[in-house]
Undergrad: 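Okay, handing you the structure first.
Below, chain A is the first sequence line, B the second, and so on; all start at residue 1.
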Amino acid sequence: MTVFADLDIHPLLLKSLDQMGFEEPTPIQKDVLPIAKTGKDVIGQAQTGTGKTAAFGIPLIEKMEQETRLPQGIVLAPTRELAIQVAEELNKIGRYSSVRALPIYGGQEIGRQIRALKNRPQIIVATPGRLQDHMRRGTIKLSDINTVVLDEADEMLSMGFVEEIEEILESVPDNRQTLLFSATMPPRLQSILNKYMNDPAQVKVKAKEMTVANIDQRYVEVHERQKFDTLCRLIDIHSPELAIVFGRTKRRVDELADALFQRGYEVEGIHGDLPQNKRDKVIQKFKSKRIEILVATDVAARGLDVSGVSHVFNFDLPQDPESYVHRIGRTGRAGKHGVAFSFVTPREKEHINVIEKTTKKKMTFEKAPTLKDASEGRQQQAAEQLTEVIENEEFASLTEKAEELLGSYDAVTLVSAALKLASKEPGKEVSINLTSEPPVRIKHGKGPKGGGGYKGKGGYRGGGKPRSNDRRGRPGSSDNRRSRPEGKKKDFAFAAKRRKG
DNA sequence: AAAAAAT
């Protein structure tokens, strides 16, 4: 077995790695580290959750000189959250070597970033657009850059960052080292590599390690209108440590987060229309476990690394199988076991096959839990709560009352009543509206062309029933909801049968 | 058709 100490890493970095709980290097780290140290360009084909950040972070930090005025390293990331997270991890790794990384991303007050830049971080972790902004303002100078890291390169490309990336790569010194990480290698990416990388070494993490070995993938067949209750029941049964629920649209995420909140769960929603400071706060809250459920669009599908995510729920199937792989990769991290549930409406059923083909792993069918299953789950939890109180809390002041009660009832009755109290279904009466989403589109089997996605021909549009026009008011709890053409979507009472006046 | 990202 290899340990980090075998890899010729600076003692101050070893110390922080040890504190972070890193013992054994992951395959990508083992392969990338020695090559990157020589200064050679590296292409790493690996997904998130494989320890990528440390794989480039360790050599990057070792290379930084502390006494320089200008930034020496740049990491480009596709999303703002990822930029923040990578910077955080680099700062942890570099904790004792006084190397600092600063995240630079859109949506944050630029004056603040300019002030932070005055502290001379050696490493900038940026989303491409905002970095360009700083370049134009002259607030970030690239003349001393000796290393560029492109993280999730395929993703940056598919998000349309090609020009930005090219401009940035044109603006940094030619003799820099370039490290590129990507889950896939589309041809467009290949042409960038040829142009901007210098005789790169290729490192591939083998397919087995790349996929999702320790994620238990299950699917549940549910009708659209049963999804919400099914979700609540599954949450009650499994009581996740942390869970991410993926919805298909921003609006859907808002509504779903509202609905779960009404049911008494500690939950927040996140999507790209929220102001950036709100997004940052939500992620912080989730990481620190002040909320148990994060409802998200695909903004959180990639790269997000929160330890303790035990469950991922695909409330709506993702648009393509690649996105599925990213989404479920939010769980089962750092060698832990994770469970991913995907809700499939009857019309979407054949997507399961496409997903299985992509992941090369069978999903298990699971029957939608019944009310009874859910209440048994809650009972189980209530029992656990009770045990925890007994073991960890003071309740000497309650014994008098307890003995009084024991005078009137037997122990079994009393404990049963306590369990009942603790396992009450929360907030059943609230009225919840959730807009119906059309099913993910199904590729009709018109020819064997299907290279990847299940997007393509044959939309739902022709087959859908005519929708009624009666829209009812929803509680306007979010200011981020965009109006839609009247009558295009239909509301219906989702969770509760009763509707309040 | 959705989402992400610079304002």
Undergrad: Specify the separation, in whole Å, of atom CG of A:Asp273 and atom P of B:dA4.
TA: 7 Å

Undergrad: What integer distance in Å separates A:Met135:CE from B:dT7:C1'?
TA: 17 Å

Undergrad: Say whether A:Gln122 and A:Glu65, considering side chains only, have a donor N or O and an acceptor N or O under 3.5 Å apart.
TA: no

Undergrad: Between C1' on B:dT7 and CZ on A:Arg136, what's the gap in Å once rounded to a whole number?
TA: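 My rounded result for the distance is 11 Å.
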
Undergrad: Can you list, by residue number, the residues of residues 160-171 of chain A that have a non-hydrogen atom closer than 4.0 angstrom to DNA chain B?
TA: A:Phe161

Undergrad: At under 4.0 Å between heavy atoms, what does A:Arg279 touch on the DNA or RNA strands: base, sugar-phosphate, or nothing?
TA: sugar-phosphate

Undergrad: Round to a whole Å and report the spacing from CG of A:Asp316 to P of B:dA2.
TA: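 Value for this atom pair: 13 Å.
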
Undergrad: If you check the A:Arg248 side chain, which of B:dA4, B:dA6, B:dA2 turns out closest?
TA: B:dA2

Undergrad: Picking from A:Gln276, A:Gln113, A:Arg80, what satisfies side-chain hydrogen bond (donor to acceptor under 3.5 Å, both in side chains) with A:Gln108?
TA: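 Exactly one pass, corresponding to A:Gln113.
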
Undergrad: Would you say A:Arg137 and A:Thr139 are linked by a side-chain donor-acceptor pair, where the criterion is simply a distance under 3.5 Å?
TA: no

Undergrad: Quick check: closest heavy atoms across A:Thr147 and A:Arg176, and the distance to 0.1 Å?
TA: N-CB, 4.3 Å

Undergrad: Just how far, in rounded Å, is P of B:dA5 from CE of A:Met156?
TA: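 Rounded to whole Å, this separation is 13 Å.
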
Undergrad: Quick one: which of B:dA2, B:dA6, B:dA4 gets closest to the side chain of A:Arg80?
TA: B:dA6

Undergrad: What nucleotide, of B:dA2, B:dA5, B:dT7, holds the atom closest to the side chain of A:Arg130?
TA: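 So the nucleotide nearest the side chain must be B:dT7.
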
Undergrad: Under a plain distance cut-off of 3.5 Å, with no hydrogens placed, do A:Gln217 and A:Lys362 share a side-chain donor-acceptor pair?
TA: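 No.
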
Undergrad: Using OP1 and OP2 only, check whether a side-chain N or O of A:Thr297 sits under 4.0 Å from B:dA4.
TA: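 Yes, such a contact exists.
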
Undergrad: Determine: side-chain N/O of A:Thr127 to OP1/OP2 of B:dA6, distance under 4.0 Å, yes or no.
TA: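 Looking at the OP1 and OP2 atoms of B:dA6, one of them is under 4.0 Å from a side-chain N or O of A:Thr127.
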
Undergrad: For A:His134 and B:dA6, give me the distance from atom NE2 to atom C1', rounded to whole Å.
TA: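 Rounding to the nearest Å, NE2 of A:His134 and C1' of B:dA6 are 10 Å apart.
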
Undergrad: Sequence neighbours excluded, which residues qualify as ring pair (Phe, Tyr, Trp, His ring centres under 6.0 Å) partners of A:Tyr196?
TA: none

Undergrad: Could you give the CD-to-P distance, from A:Gln108 to B:dT7, as a whole number of Å?
TA: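 The distance from CD of A:Gln108 to P of B:dT7 comes to 11 Å, rounded to the nearest Å.
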
Undergrad: Rounded to whole angstroms, how far apart are CG on A:Leu82 and C1' on B:dA4?
TA: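 One finds 12 Å between C1' of B:dA4 and CG of A:Leu82, rounded.
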
Undergrad: A:Glu167: what forms a side chain to side chain donor-acceptor pair (under 3.5 Å) with it, not counting sequence neighbours?
TA: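 Once residues adjacent in sequence are excluded, the partners of A:Glu167 under the side chain to side chain donor-acceptor pair (under 3.5 Å) criterion are A:Gln132, A:Arg136.
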
